Asks: 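Mind having a look at this structure? Questions to follow.
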Amino acid sequence: MKIIKNGRLISSEKMRKADIAIHNNKISEISENISPKDEDEVYDASGCFVFPGFIDGHTHFDMDTGTAHTADDFVSGTKAAVIGGTTTIVDFATQEKGQSLKEAYDIWMKKAKDKSSCNYRFHMAITDWNDRVKEEISKMPELGVTSFKMYMAYDNLISNDAEILACLQKIKEIDGVLGVHCENGTLINELTKEKIAAGETSPSAHPASRPDYVEAEAINRLAYISTLAGHPVNIVHLSSFAGLNEIRNARKRNQTITVETCPQYLLLDDHYYDLNHFEGAKYVISPPLRKVEDNKALIQAIVDREIDTIATDHCSFNFKKDKELGKEDFRKIPNGAPGVEHRPQLIYTYLVEEGYIDVMRMCELMATNPAKRYGMYPDKGILEVGSDADIVIFSPDYEGVITWSKQIQNVDYTPYEGFKIKGQAKTVFVNGECVVQDGTIVKENQGTYVLGPR
Ligand code: URP
Ligand code: ZN
Ligand code: ZN
């Protein structure tokens, strides 16, 4: 057995001093004082928080856009996850036009299986809605897929309102989750044309072509589609105050909406697009970075419990070669940025240490709620007897600086270069195996597919 001693155990509701025993891949005992036997391995968590393994509900590993391929695949992406304390990721298996959902699932399984250092599960991103896909939805839970995504933007991924409505009605039958990328693609295309016609081709034209109202309009429309379908929706990567206000309006109408945001929309703002030497391309993500006021409004919304989960939307493209495809034309910059490695440290440093939230709320946003939303609770997202032994011993004392040269993410920059951080995932367990010790990976490839709750 492995025994974690002297830690402060965190749940979404409370913090308590207790020891944890791990037998095989499960938590077998939690009590005030577990006495180790000679053969037991003991891990000292004195002075540390002990969290259920963090879950990143939004990653894109090993993904191709047609012009660029993500820098991180499941090997590097899940190693980066685990070193930060993320023990499960939910990646977007993305259907290509003409493909069935099962084909997309099989392709993603092949990308991840036997290559992952943290556990993995998939959302199914639907990009080609048709009768065959409609029939397939009811079979997806058997494969462990209970959450889906549709896009209201991107010409190659977009679904129209009728398709979103039909999909949501079908997902309602399996009590699944539909996450939606909320940006009005038609308006973005028009605004993009205007920018190009005006000769604006640099990264700063990217946020100008997709302003906050474009997100707000899509959220408002989606909320009404959700009302029509009689089933809740999940807003992924909320970026703006304007969008948040539409969520508030929908909730005032008693609409159930769940909301995800990401560290970049809390800690980074749109001044990065004006950096010299095309550096702004590093921040070309969709939705784009907003104003400092938006950052503040979203942090306050986290405090006020208006936001349910914090994920990363990790979608890494190298600056050299990939982002540089758009040197003359911002439309050609592949959209996305890395983040999976640093989310727990960033949220601990800038939200917990700054006094906005406590460690229990951090646990809720990054472990408990994503486990509940994406069909993994109570195997994951909580420390209790019978739960999976995905555990993070998090030391609050560590101090450091994020820098590209030290990261595990296989990408040639980090948007958080130079950010000071406090706290570190000192020891990490995945499925009962100790995979990180003193902040170093000691065992790779321990991740398994998460089929569903017990
Ligand atoms: O720019 C981003 N976020 N790329 C990833 C795809 C998406 O929309 O989530
Ligand atoms: Zn998206
Ligand atoms: Zn995404």
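All figures in this text were calculated on a predicted structure; none of them were measured in a lab. Both ligands and their constituent atoms are indexed starting at 1 by order of listing.
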Asks: Parallel, tilted or perpendicular: which describes the rings of Tyr374 and His123, with under 30° parallel and over 60° perpendicular?
Replies: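 Plane angle over 60°, so perpendicular.
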
Asks: Counting heavy atoms only, name the option from Met63, His314, Lys149, Glu183 that's nearest to atom 7 (C) of ligand 1.
Replies: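 Nearest heavy atom to atom 7 (C) of ligand 1 lies in Lys149.
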
Asks: By number and element, which atoms of ligand 1 are closer than 4.0 Å to a non-hydrogen atom of His237?
Replies: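 Here the atoms of ligand 1 in question are 8 (O), 9 (O).
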
Asks: Should the pair Lys282 and Phe319 be classed as cation-pi, given the thresholds of under 6.0 Å to the six-membered ring centre and 45° from the axis?
Replies: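 Positive - Lys282 is close enough to the ring of Phe319 and near enough to its axis.
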
Asks: Cation-pi between Arg210 and Tyr273: NZ/CZ under 6.0 Å from ring centre and within 45° of the ring axis?
Replies: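 No cation-pi geometry.
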
Asks: Any N or O on Gly336 sitting closer than 3.5 Å to an N or O of ligand 1?
Replies: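 Yes; at least one N/O pair falls below 3.5 Å.
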
Asks: Within a distance under 4.0 Å of any heavy atom of Ile285, pick out the atoms of ligand 1 and give their elements.
Replies: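 Counting atoms of ligand 1 from 1, those under 4.0 Å from Ile285 are 1 (O).
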
Asks: Provide the number and element of each atom of ligand 1 under 4.0 Å from a heavy atom of His60.
Replies: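 Listed by number with element: 5 (C), 6 (C), 7 (C), 9 (O).
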
Asks: Check whether NZ of the Lys or CZ of the Arg Lys372 lies under 6.0 Å from the centre of the six-membered ring of Tyr377 and within 45 degrees of that ring's axis.
Replies: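 Yes, cation above the ring, under 6.0 Å and within 45°.
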
Asks: Report yes or no: is the cationic atom of Arg253 (NZ for Lys, CZ for Arg) closer than 6.0 Å to the six-membered ring centre of Tyr224, at no more than 45° off its axis?
Replies: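 Ring-cation test returns yes.
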
Asks: For N/O/S atoms only: which one belongs to His181 and is nearest the Zn ion (ligand 2)?
Replies: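 Going by distance to the Zn ion (ligand 2), the closest N, O or S atom in His181 is ND1.
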
Asks: Angle between ring planes, Phe61 versus Phe74, binned at 30° and 60°: parallel, tilted or perpendicular?
Replies: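 Taking Phe74 first and then Phe61, their aromatic rings stand perpendicular (interplane angle over 60°).
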
Asks: Name the closest protein heavy atom to atom 3 (N) of ligand 1, giving the residue it belongs to and the distance to 0.1 Å.
Replies: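 The answer is Asp313 OD2, 2.6 Å.
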
Asks: Could you check Val284 against Phe330 for side chain to side chain contact (heavy atoms under 4.5 Å, CB included), going step by step and ending with a plain yes or no?
Replies: CA-CA 9 Å; Val284 168; Phe330 75 92; 6.0 Å; no

Asks: Going by the angle between their ring planes, with limits at 30° and 60°, are Phe49 and Tyr348 parallel, tilted or perpendicular?
Replies: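 Tilted: the ring planes of Phe49 and Tyr348 meet at 30° to 60°.
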
Asks: What do the steps show when you test Arg290 against Ser240 for side-chain hydrogen bond (donor to acceptor under 3.5 Å, both in side chains), and what is the final call?
Replies: CA-CA 7 Å; Arg290 307 295 186 186; Ser240 67; 4.7 Å; no

Asks: In the protein, what heavy atom is nearest to atom 1 (O) of ligand 1, and what distance, to one decimal place, separates them?
Replies: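 In this structure, atom 1 (O) of ligand 1 has Ser286 N, 2.8 Å as its nearest protein heavy atom.
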
Asks: Considering only non-hydrogen protein atoms, determine which one is nearest to atom 4 (N) of ligand 1 and report residue, atom name and distance to 0.1 Å.
Replies: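 Ranked first by proximity to atom 4 (N) of ligand 1 is Asn335 O, 3.3 Å.
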
Asks: Relative to each other, are the rings of His237 and His58 parallel, tilted or perpendicular (30° and 60° limits)?
Replies: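 Geometry flag for His58 against His237: tilted rings.
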
Asks: Who's the nearest protein heavy-atom neighbour of atom 8 (O) of ligand 1, and how far?
Replies: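 Residue, atom and distance for the closest contact: His181 ND1, 2.9 Å.
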
Asks: With a cut-off of 2.8 Å, does Cys315 put an N/O/S atom close enough to the Zn ion (ligand 3)?
Replies: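 So Cys315 does not count as coordinating the Zn ion (ligand 3).
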
Asks: So is Phe92 close enough to ligand 1, meaning a heavy atom under 4.0 angstrom away?
Replies: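 No, Phe92 has no heavy atom closer than 4.0 Å to ligand 1.
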
Asks: Is the Zn ion (ligand 2) less than 2.8 Å from an N/O/S atom of Lys149, whether that atom is in the backbone or a side chain?
Replies: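 Under 2.8 Å: Lys149 contacts the Zn ion (ligand 2) through an N, O or S atom.
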
Asks: Can you give me the NE2-the Zn ion (ligand 3)-OD1 angle for His60 and Asp313, to 10°?
Replies: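 If I round to 10°, I get 90°.
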
Asks: Taking both backbone and side-chain atoms of Tyr151, is any N or O found less than 3.5 Å from an N or O belonging to ligand 1?
Replies: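 Such a contact does not occur with ligand 1.
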
